[in-house]
2 protein chains.
Amino acid sequence: METAEATAAERPGLRERKKQRTHDALLRAALELFTTQGYEATTVDEIAEAVDVSQRTFFRYFAGKEEAALAVIDLSQEHFVAALRARPAHEAPLEALRNAVLEGWDAIGEAVARIVPVDLYLRSYGMIESTPALLAAHLRRADEVAREIEAIVAEREGLDVRTDPRPRVAVAVFAGVMRVTERLWAMGGDLSMEAMRELTAAHLDAVRPSLAEKWRNS
Amino acid sequence: METAEATAAERPGLRERKKQRTHDALLRAALELFTTQGYEATTVDEIAEAVDVSQRTFFRYFAGKEEAALAVIDLSQEHFVAALRARPAHEAPLEALRNAVLEGWDAIGEAVARIVPVDLYLRSYGMIESTPALLAAHLRRADEVAREIEAIVAEREGLDVRTDPRPRVAVAVFAGVMRVTERLWAMGGDLSMEAMRELTAAHLDAVRPSLAEKWRNS
DNA sequence: TTGTCAACTGTCAGTGGCTGTCACTAGCCT
DNA sequence: AGGCTAGTGACAGCCACTGACAGTTGACAA
């Protein structure tokens, strides 16, 4: 049975809420400090102090400094995966991937906004791109997500990943293009979701022309 | 003027040779320890002790533990870039990339063998793939190499990377496919260069079919 | 309400990667 | 031979991270 709840909406109990608050506070403080004074220049002690908890507590909520820095982006990636799963079965693999990423942004923005200010989220991409240690961690996570996506695509088409190379290759192509897009967006001047959408569409459209034998004709 | 040299071939002086020996010894000891007892389980002190130098000296040769673990793979990537630069101008971009990687392996193997046993080099791919911290660092370096390649491809075709998306996209596609290939090869059973060549060719050939609208016809 | 249990937290001590400093040794060069 | 300096070891210290233990505070039942 569920425990006693005063109000309607399944309130999760004081303990749980407190935990959530501490978690979010740590996350916000971390991103705030990272984006203003830099990732490396920020110590875990500083973050903990800003939220008035012990350093040990920080490590009970996050496996490390990196995880705090990438938590929000992780969240957005999870949303992308969910968006892909929700695509209708009749769409071709790359069509589904494309639509999931293009249409998923708004939902992602909303989900993020419930935890941290959106501009903090957007700025964190720039921070990642210019911090070697973070970029490395980010790329590894992206690689893991790619594996998840491979499985989804394979299942959509009813194929076995181990025998048919197409799911993996298609996802690899998609992931590669998304990485370029992300890099250009994060380093470029316009850190808006609209800019991201346009860049993404443009680069995905450029895949076929890029594979052509001759580039000179256009 | 050059300094005095007893024998013919431009011997680099005792100091220089000593340095080279220490460097190589550290590299070999590190890889040996990493591949046998694991990366994380190996301390820098152990490596230093194995070569009988101080920990401080290790850090004068390598920026960190990671760099030691990835030094050989770095070398092989440099060789790949060189191989790409050496491709005849008439080859199409993806053709050049494909040929560079397929034909470059042997030269890479030889270059590596001059520093560490080849099997140590091959085994290090497995170690990287199964060590999160290393995989992260490796992917970041690969991303940097991709940027270098973009420039080369753009120059081959006389294009400006900032205005034409094709060089970046083409390289992104290529890099994505190479990453899948690498992962499968490293985790798979056959850690030979021949296996690598076959996997690479197969995956590159699978790009066009993977982009097709419908997959069911084949 | 109150007592018991379990979850959450702070404190402390310790490990390991990495860096700055400084004195010292040993190739190099005239 | 003797000065110069690159390369080294020894030492101290910072920071990310972890294990162990004890104190505090919600949760739940008697």
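Bear in mind the structure is a predicted one, so any value in this text is a computation, not a measurement. Within every chain, numbering begins at 1; the chains are lettered A, B, ... in the order of the sequence lines, protein sequences first and strands thereafter.
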Distance in Å, B/Gln77 CD paired with B/Ile108 CD1, rounded so as to fall on 0.5 Å steps: 9.0 Å

Rounded off to whole Å, could you give me the NZ-to-P distance for the B/Lys19 and C/dT25 pair? 21 Å

Which whole-number value in Å describes the distance from A/Gln20 CD to C/dA7 P? 18 Å

Numerically ordered, the residues 34-43 of chain A set in heavy-atom contact under 4.0 Å with DNA chain C is none

Let me know the distance between CZ of B/Arg17 and C1' of D/dG7, rounded to the nearest Å. 16 Å

So B/Trp185 and B/Trp105, would you call those rings parallel, tilted or perpendicular, with 30° and 60° as cut-offs? tilted

Begin with the C-alpha distance, continue with both residues' side-chain angles, and end with the deciding distance and a verdict on salt bridge (charged side-chain N to carboxylate O under 4.0 Å, His left out) for A/Arg197 and A/Glu194. CA-CA 5 Å; A/Arg197 232 190 302 262; A/Glu194 207 38 60; 3.4 Å; yes

State whether the distance check finds a donor on one side and an acceptor on the other, under 3.5 Å, for side chain A/Arg15 versus base D/dA27. no

Does a nitrogen or oxygen in the side chain of B/Lys65 sit under 4.0 Å from OP1 or OP2 of C/dC18? no

In terms of ring plane angle, is the pair A/Phe58 and A/Phe62 parallel, tilted or perpendicular, where the classes change at 30° and 60°? tilted

4.5 Å side-chain heavy-atom contact, B/Arg156 and B/Pro93: no

Any chance you could measure B/Leu75, atom CG, to B/Leu70, atom CG, to the nearest 0.5 Å? 12.5 Å

Euclidean distance, A/Asp143 CG relative to B/Arg179 CZ, rounded to 0.5 Å: 4.0 Å

Look at the side-chain N and O atoms of A/Lys18 and state whether any lies under 4.0 Å from the OP1 or OP2 oxygen of C/dC8. no

CD of A/Glu66 versus P of D/dC17: gap in Å, rounded? 7 Å

Can you tell whether the side chains of A/Arg28 and A/Asp24 come within less than 4.0 Å, N to carboxylate O? no

Short side-chain N/O contact to D/dG7 OP1/OP2 from B/Tyr61, under 4.0 Å: no

Any chance you could lay out the side chain to side chain donor-acceptor pair (under 3.5 Å) test for B/Glu182 and B/His138, step after step, and finish with the verdict? CA-CA 12 Å; B/Glu182 176 188 62; B/His138 174 60; 2.8 Å; yes

Taking the side chain as C-beta and beyond, is there a heavy-atom pair between B/Lys19 and B/Arg15 under 4.5 Å? no

Rounded to the nearest angstrom, tell me the gap between atom CG in B/Asp45 and atom C1' in C/dG17. 9 Å

For atom CZ of A/Phe59 and atom C1' of C/dA13, their distance in whole Å: 15 Å

Every protein N/O lying under 3.5 Å from an N/O of nucleotides 9-11 of chain D:
residue: D/dG9; atom: OP2; partner: B/Ser54; partner atom: N; Å: 3.0
residue: D/dG9; atom: OP2; partner: B/Ser54; partner atom: OG; Å: 2.9
residue: D/dG9; atom: OP2; partner: B/Thr57; partner atom: OG1; Å: 2.1
residue: D/dG9; atom: N7; partner: B/Arg60; partner atom: NH1; Å: 3.3
residue: D/dG9; atom: O6; partner: B/Arg60; partner atom: NH2; Å: 2.7

Between A/Asp45 and A/Thr43, does any side-chain donor sit less than 3.5 Å from a side-chain acceptor? no

Figure out the CD/P separation between A/Glu46 and D/dA16, and round it to whole Å. 9 Å

Would you jot down, in residue-number order, the residues of residues 125-137 of chain B having a non-hydrogen atom under 4.0 Å from DNA chain C? none

